[in-house]
Amino acid sequence: MNNTADRRHEEHNNAIEYLCTRFNRILISVAEMFLSCRFDLRETILPLLQNFQPSGLCCLKLRRSSVKTRPALLPENEAERLKALEDYNILDTLPEQGFDDLTALAAYICKTPIALISLIDSDRQWIKSKVGLKVREIPRDWAFCSHTILQPQKILVVSNTIKDDRFANNPLVKNNPKIRFYAGIPLVTSNGFAIGTLCVIDMIPRQLNDRQLDALHRLSRQAIAQMELIQEIHNRKQAEIEGRQLSLTDELTGLHNRRGFFLLAEQQLKIAHRMKLLCWVIFIDLDGLKQINDTLGHDVGDALIIDAGRLLKQSFRKSDIVARLGGDEFIVFISSYFKDAENIQTHLQTNIANFNQQQNRSYEISMSMGIQRYSPETNMSLEQLIAKSDELMYAHKRLKRQSVL
C-alpha cells in the first residue's frame, strides 16, 4: 500500500516538474518576443515575467544587457529636422496603399524579404509601411536608419552586418530578425531634411547592383512625393475649414453671422420638428447705439457691440446659436429649457443689470427683444419665426420709449 502511495506521489511530482519546465520554456519564448518590441514595453513586462521564473529570465536579461550597440550621432539640424517631420502629420497614421506599393516594389526589385518606409522620430524609428516585418516601431538606438539619415544625399549599404563595427552587436543582428544585409536611402524633404528612409533588409550577406540602387533612389523620391501630396491635401482641407468658419463668423464679435445663423438654425429647427421639441427665437436690438457712435465715437460703439455679443454668448448654452445679424441686431435660437418668454426676458435683463453694475464703462448695455416660441404643432418656418420675433422686438422698443416719455 505504501509503495503504491509513494509511486503516485512520485508520478505527481514528475507531472508538476514537467509542467513547470514547459511553463518555463513558454515564459522564455514570450520574453524573447519582447526583445523586438519597444524598450519601455519590455522594461515593464520583463520584471513581471521574472516574478514567475527568475532563473530563466535573469539569464535572458543578462544576455540582452551584454549586447552593446553603437547609437548613431544626432544630425546637426536635429531640431529643425524633427519640426519638418512633425509638419507632415504622418506619425502614427494608418497604413496607406500608396506607401505599401512602394515597399512591395522595393522588396521585389532588390529581392529581399524585408522592405520598410520608416520615419525617425526623437526616440524611435516608426514604420509607415512594411513588407516582411510585424513590428510598428523600433528604438532609435537600434535603428540602422538612424545612421542613414546622417548623410541625406547618400545610400547606406551594409553588405555584412557582423563585419561592421557599427552593427555587429546590434540586437537586431544578434537576435531576430538577425539582419545580415541592409541598404537604406534617406527620405529628404524639399528643404533638405532627412526625416526617414526607404530600406531593404535580408538575413544573408549580399550586394545590390547599380540598377537596384537606382531603383531605390527613384522609389525614395516617390515616397517623399507621396508624403508631400498628403500634406498638401491636409493643408487645403484645413484652409477650406477655416475659410468656411470665417464665412460663417461675424468679424467684430466672433459670433455667427447672418449666413451662419440661417445655416445652423435651419438644421436645429428640422431636428426640433422631428423630435417634437419646443424652441425659441430671440430677436435683439441694442438701444442707443447711434447716439453712442455720434457722441463717443465708433470705437466706443464697437466696444458696446463686442460686450453685447459676449454677454449674450455667456447667457446661453454652448449648444445654442447666438449670432449678430449686422449693425445693432442680434438673434438667438435656443431649445426648450425655458418655461416661457417672460422667463427668458427676466434671465437676460438680470444678466444685463449685473454686467452694467460690474463694468466701469462710459456706456451701459440696453436691449430691446422679441421672443417667439416654436412648437411642432404650428410648424412655422425659420423666416416666419424671425419675422414674428422682429415684430415683438419693435413692440418692446416702442413700449420702452413710451415709458420714458
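Hydrogens, waters and symmetry mates play no part in the numbers below; they use all other heavy atoms, side chains included.
- Within the model, atoms CG of L156 and OG1 of T148 stand 4.0 Å from one another, a figure rounded to the nearest 0.5 Å.
- Atom CD of E80 has more than 12 heavy atoms from other residues, nucleotides or ligands within 6.0 Å.
- Here R373 pairs with nothing under the salt bridge (charged side-chain N to carboxylate O under 4.0 Å, His left out) rule; sequence neighbours left out.
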Report task. Could you check K400 against S366 for side chain to side chain donor-acceptor pair (under 3.5 Å), going step by step and ending with a plain yes or no? Result -> CA-CA 11 Å; K400 290 169 72 175; S366 176; 3.3 Å; yes
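- S315 approaches N351 most closely through the heavy-atom pair OG-ND2, 2.8 Å.
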Query - Verdict with reasoning, D285 to S368, per side chain to side chain donor-acceptor pair (under 3.5 Å) - result: CA-CA 5 Å; D285 186 85; S368 297; 5.6 Å; no
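- Between the CG atom of L73 and the NE2 atom of H147 there is a distance of 8.5 Å, given to the nearest 0.5 Å.
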Report task. Tell me, with the steps shown, if L277 and S335 meet side-chain contact (heavy atoms from CB on, under 4.5 Å). Result -> CA-CA 7 Å; L277 302 174; S335 56; 5.8 Å; no
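- For R211, the CZ atom counts as loosely surrounded, since its 6.0 Å shell holds 12 or fewer non-hydrogen atoms of other residues, nucleotides or ligands.
- Formation of a donor-acceptor pair under 3.5 Å by the H256 side chain with backbone atoms of F261 is not found in this model.
- Scanning both residues, F181 and L208, for their nearest heavy atoms gives CZ-CG, 3.6 Å.
- Checked against side chain to side chain donor-acceptor pair (under 3.5 Å), D101 has the following partners two or more places apart in sequence or in another chain: Q97.
- Counting heavy atoms from C-beta on, the side chains of I224 and I195 come closer than 4.5 Å.
- By the side chain to side chain donor-acceptor pair (under 3.5 Å) test, E78 pairs with R81, R140, sequence neighbours left out.
- Here R398 pairs with nothing under the salt bridge (charged side-chain N to carboxylate O under 4.0 Å, His left out) rule; sequence neighbours left out.
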Show the atom names and distances, to 0.1 Å, of all donor-acceptor pairs under 3.5 Å that link a side chain in residues 304-312 to residues at least two apart or in another chain.
| unit_1 | atom_1 | unit_2 | atom_2 | d |
| --- | --- | --- | --- | --- |
| D307 | OD1 | R310 | NH1 | 2.8 |
| D307 | OD2 | R361 | NE | 3.1 |
| D307 | OD2 | Y363 | OH | 2.5 |

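- The side chain to side chain donor-acceptor pair (under 3.5 Å) search around Q207 returns S159, not counting sequence neighbours.
- By the 4.5 Å heavy-atom criterion applied to side chains, M367 and F330 are not counted as neighbours.
- Every side chain to side chain donor-acceptor pair (under 3.5 Å) that D164 has, sequence neighbours left out, goes to R166.
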When the side chains of residues 103-117 are checked against the rest of the protein, which donor-acceptor pairs come out under 3.5 Å, sequence neighbours left out?
| unit_1 | atom_1 | unit_2 | atom_2 | d |
| --- | --- | --- | --- | --- |
| T103 | OG1 | F99 | O | 3.4 |
| T103 | OG1 | D100 | O | 2.9 |
| T103 | OG1 | S129 | OG | 2.9 |
| T112 | OG1 | I114 | O | 3.1 |

**Report entry** V281/I331 under side-chain contact (heavy atoms from CB on, under 4.5 Å): CA gap, chis, key distance, verdict
**Finding:** CA-CA 7 Å; V281 171; I331 194 165; 3.9 Å; yes
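- In terms of the side-chain contact (heavy atoms from CB on, under 4.5 Å) criterion, residue partners of Q291 (sequence neighbours excluded) are, by chain and number, T295.
- Closest heavy-atom contact between P186 and K154: CD-O, 3.0 Å.
- Between L216 and V200 there is a side-chain heavy-atom pair separated by less than 4.5 Å.
- By the neighbour-count criterion of 12 heavy atoms within 6.0 Å, atom CD of E383 is densely surrounded, having more than that number from other residues, nucleotides or ligands.
- For the pair R180 and K163, the minimum side-chain heavy-atom distance is 4.5 Å or more.
- Among residues at least two apart or in separate chains, there is no salt bridge (charged side-chain N to carboxylate O under 4.0 Å, His left out) pair with a member in residues 186-195.
- Shown here for F193 and A84, the closest heavy-atom pair between the two residues is CD1-CB, 3.8 Å.
- Atom CD of E377 is separated from atom NE2 of H273 by 9.5 Å, given to the nearest 0.5 angstrom.
- Separation of atoms CD (Q268) and OG (S319) is listed at 7.5 Å; rounding is to 0.5 Å.
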Run the side-chain donor-acceptor check on residues 226-233: report pairs under 3.5 Å with partners two or more places apart or on a different chain.
| unit_1 | atom_1 | unit_2 | atom_2 | d |
| --- | --- | --- | --- | --- |
| E228 | OE2 | Y88 | OH | 3.4 |
| Q231 | NE2 | D87 | O | 3.1 |
| E232 | OE2 | R236 | NE | 3.0 |

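- Contact between L187 and S118 at its shortest, heavy atoms only, is CD1-O, 4.2 Å.
- Rounded to the nearest 0.5 angstrom, N89 CG and L85 CG are separated by 9.5 Å.
- Proximity of Q384 to Q372: side-chain heavy atoms (C-beta onward) are nowhere separated by under 4.5 Å.
- Taking CD1 of I179 as the reference point, atom NZ of K174 lies at 14.0 Å (rounded to 0.5 Å).
- A search for side-chain contact (heavy atoms from CB on, under 4.5 Å) contacts involving A143 returns Q125, S146, not counting sequence neighbours.
- For NZ of K313, the number of neighbouring non-hydrogen atoms (other residues, nucleotides, ligands) closer than 6.0 Å is 12 at most.
- The heavy-atom pair separating N257 from S247 by the smallest distance is ND2-O, 2.9 Å.
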